[in-house]
There are 2 protein chains.
Amino acid sequence: MSGRHHSRPTGADEDRECQDIRETLSRIGDKWSVHVIGSLIEGPMRYNRLRRAVSGISQRMLTLTLRLLERDGLVKRDVLHTAPPTVEYQLTALGETLIEPIRALSHWAREYRHEIRDARSSFDSRSG
Amino acid sequence: MSGRHHSRPTGADEDRECQDIRETLSRIGDKWSVHVIGSLIEGPMRYNRLRRAVSGISQRMLTLTLRLLERDGLVKRDVLHTAPPTVEYQLTALGETLIEPIRALSHWAREYRHEIRDARSSFDSRSG
DNA sequence: CGGAATCCTCATTGATACTG
DNA sequence: CAGTATCAATGAGGATTCCG
């Protein structure tokens with residue numbers, strides 16, 4: 001996670017980098033954030049449509065997830081003054097910068113899913 | 001998370017990709033895995049040294065985390081027949097492939113940490 | 001439509017003590 | 001040294017109900 005060039009990284013460098021990555025992971029590594037972000041890639045979306053897009057999410061968790069993403073500046077919330085009220089969510093510019101790194105992880109997961117599955121069943125059979 | 005070329009992705013594509021990414025995130029998005037992986041990048045390491053490297057981790061969680069990483073084929077556990085026993089952990093080839101995507105997220109976290117901090121304090125002051 | 005509030009459950013984690 | 005076993009606490013998440 002550290003070690004630029006060929007020099008040994010200091011422990012402090014490591015700690016700071018691990019902090020950074022852990023912060024990001026706790027932001028998007030929860031149960032729903034990536035699903036929500038993934039849905040919003042397609043474009044702005046309203047609350048109930050988002051709810052259908054992210055199948056399985058409860059109303060509580062959708063609201064909570066959106067609030068946290070909004071708080072971190074990754075998602076923008078727009079209230080349109082209609083009756084009944086219309087609320088639209090979309091990725092911010094900052095939110096869009098997250099797409100690439102997430103996609104990288106997604107590709108990794110894709111590429112190695114079978115190796116992981118095999119490693120698992122092998123481990124499980126060894127353990128009884 | 002999908003949308004290759006310019007064609008609209010199907011919902012099924014999206015779901016599958018979100019599944020993949022969620023699986024990866026639940027594997028490494030827990031409280032300790034990234035710390036452990038980050039420490040093992042430097043090379044093989046024994047249990048107690050790892051424990052000191054990942055400061056704050058309990059014995060229980062270190063063992064648990066290592067088991068899960070081993071199960072998924074990301075970490076290799078070697079028992080050296082000495083007295084007292086010596087156990088060495090290291091990343092597998094598969095484990096090493098994870099370094100790059102993790103580093104990408106790490107860089108993202110670094111690059112935008114201030115924007116996120118500002119977004120947060122702005123949001124919090126708006127909310128009271 | 002787009003939530004907020006409440007209650008409840010279960011999974012994750014930590015602390016502690018013990019062991020080959 | 002490198003764990004295992006047990007228990008207690010914390011907190012994320014789901015279900016339900018109510019609201020402007």
Side-chain angles (χ1 to χ4, degrees), chain A residues 18-19 22-37 39-40 44-72 75-90 123 126-128, chain B residues 18-19 22-37 39-40 43-72 75-90 123-124 126-128:
Chain A
C18 279
Q19 270 296 102
R22 275 261 71 239
E23 258 188 68
T24 304
L25 281 173
S26 50
R27 175 166 21 262
I28 65 164
D30 67 346
K31 195 167 181 183
W32 298 112
S33 290
V34 167
H35 280 292
V36 170
I37 291 173
S39 296
L40 288 178
M45 211 176 287
R46 288 168 54 183
Y47 186 85
N48 278 312
R49 177 149 170 240
L50 206 42
R51 201 175 154 194
R52 286 187 298 274
V54 183
S55 63
I57 196 170
S58 66
Q59 213 163 23
R60 171 188 155 79
M61 288 316 295
L62 177 55
T63 301
L64 223 69
T65 301
L66 285 169
R67 285 293 169 279
L68 288 177
L69 292 174
E70 189 193 356
R71 181 170 116 99
D72 287 339
V75 159
K76 184 164 172 292
R77 177 177 183 267
D78 289 311
V79 182
L80 311 178
H81 314 297
T82 57
T86 299
V87 181
E88 208 172 65
Y89 291 94
Q90 60 187 304
F123 182 92
R126 278 199 304 278
S127 308
Chain B
C18 279
Q19 271 295 103
R22 274 262 72 240
E23 260 187 66
T24 303
L25 281 173
S26 49
R27 176 165 21 260
I28 63 163
D30 67 347
K31 194 168 181 181
W32 299 110
S33 291
V34 167
H35 281 290
V36 170
I37 292 173
S39 297
L40 288 178
M45 212 176 283
R46 288 166 55 183
Y47 186 86
N48 278 312
R49 178 151 169 239
L50 207 43
R51 200 177 155 194
R52 286 188 297 274
V54 182
S55 64
I57 195 169
S58 66
Q59 213 163 20
R60 172 188 156 77
M61 288 315 295
L62 177 56
T63 301
L64 224 70
T65 302
L66 285 168
R67 287 292 169 277
L68 289 176
L69 292 173
E70 189 193 356
R71 182 170 115 98
D72 287 340
V75 160
K76 185 165 172 291
R77 176 178 184 267
D78 288 312
V79 182
L80 311 178
H81 314 297
T82 58
T86 299
V87 182
E88 209 173 65
Y89 291 93
Q90 60 187 303
F123 182 92
D124 291 348
R126 278 199 305 278
S127 307

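In what follows, every chain begins at residue 1, and chains take the letters A, B, ... in the order their sequences are listed.
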Query raised in the report: Side-chain contact, heavy-atom cut-off 4.5 Å: B:Val87 with B:Arg77?
Result: yes
Query raised in the report: Which nucleotide sits closest to the side chain of B:Arg77: D:dG13, D:dC1, D:dG3?
Result: D:dG3
Query raised in the report: Nearest to the side chain of A:Ser58, which nucleotide is it out of C:dG2, D:dG14, C:dA4?
Result: D:dG14
Requested in this report: Calculate the interatomic distance between B:Met61 atom CE and C:dA11 atom C1'; express it in whole Å.
Outcome: 11 Å
Report summary line: Regarding the side chain of B:Trp32, the nearest nucleotide among C:dT13, D:dC1, D:dT17 is C:dT13
Requested in this report: Quick one: pull up CD in B:Glu23 and CD1 in B:Ile28 and give me the separation to the nearest 0.5 Å.
Outcome: 12.5 Å
Query raised in the report: Is any side-chain heavy atom of B:Phe123 closer than 4.5 Å to a side-chain heavy atom of A:Asp72?
Result: no
Query - Residue B:Val87, side-chain atoms from C-beta onward, closest of D:dA2, C:dG2, C:dA4 - result: D:dA2
**Report entry** Length of the line joining A:Leu68:CG and D:dA12:C1', which is rounded to integer Å
**Finding:** 12 Å
Requested in this report: Have a look at B:Thr82 and say if it touches a base, only the backbone sugar-phosphate, or nothing, with a 4.0 Å heavy-atom cut-off.
Outcome: nothing
**Report entry** Distance, rounded to the nearest Å, where B:Arg46 contributes CZ and D:dG3 contributes C1'
**Finding:** 13 Å
**Report entry** Minimum-distance nucleotide (side-chain atoms of A:Arg67 versus C:dG2, D:dG14, C:dG3)
**Finding:** C:dG3
Query raised in the report: Closest nucleotide of DNA chain D for A:Asp30 versus for A:Pro85: which of these residues is on the 5' side?
Result: A:Asp30
Query raised in the report: Say you draw a straight line from CD1 of A:Ile57 to NE2 of A:His35; how long is it, rounded to the nearest 0.5 Å?
Result: 8.5 Å
Query raised in the report: Atom CZ in A:Arg71, atom CG in A:Leu69: separation rounded to 0.5 Å?
Result: 11.5 Å
Query raised in the report: Atom CG of B:Leu62 and atom P of C:dA15: how far apart are they, to the nearest Å?
Result: 14 Å
Report task. Check the distance between D:dG14's C1' and A:Arg51's CZ and give it to me in whole angstrom. Result -> 12 Å
Query raised in the report: Please give, in whole Å, the distance from D:dC19 P to A:Gln59 CD?
Result: 15 Å
Report task. May I have the distance from B:Glu70 (atom CD) to D:dA2 (atom P), rounded to whole angstrom? Result -> 15 Å
Query raised in the report: What nucleotide, of C:dC1, D:dG13, D:dT6, holds the atom closest to the side chain of B:Arg60?
Result: D:dT6
Query raised in the report: Can you tell me how far P of C:dG3 sits from CG of A:Leu66, to the nearest Å?
Result: 8 Å
Query raised in the report: Does OP1 or OP2 of C:dC1 have a side-chain N or O of A:Tyr89 closer than 4.0 Å?
Result: no
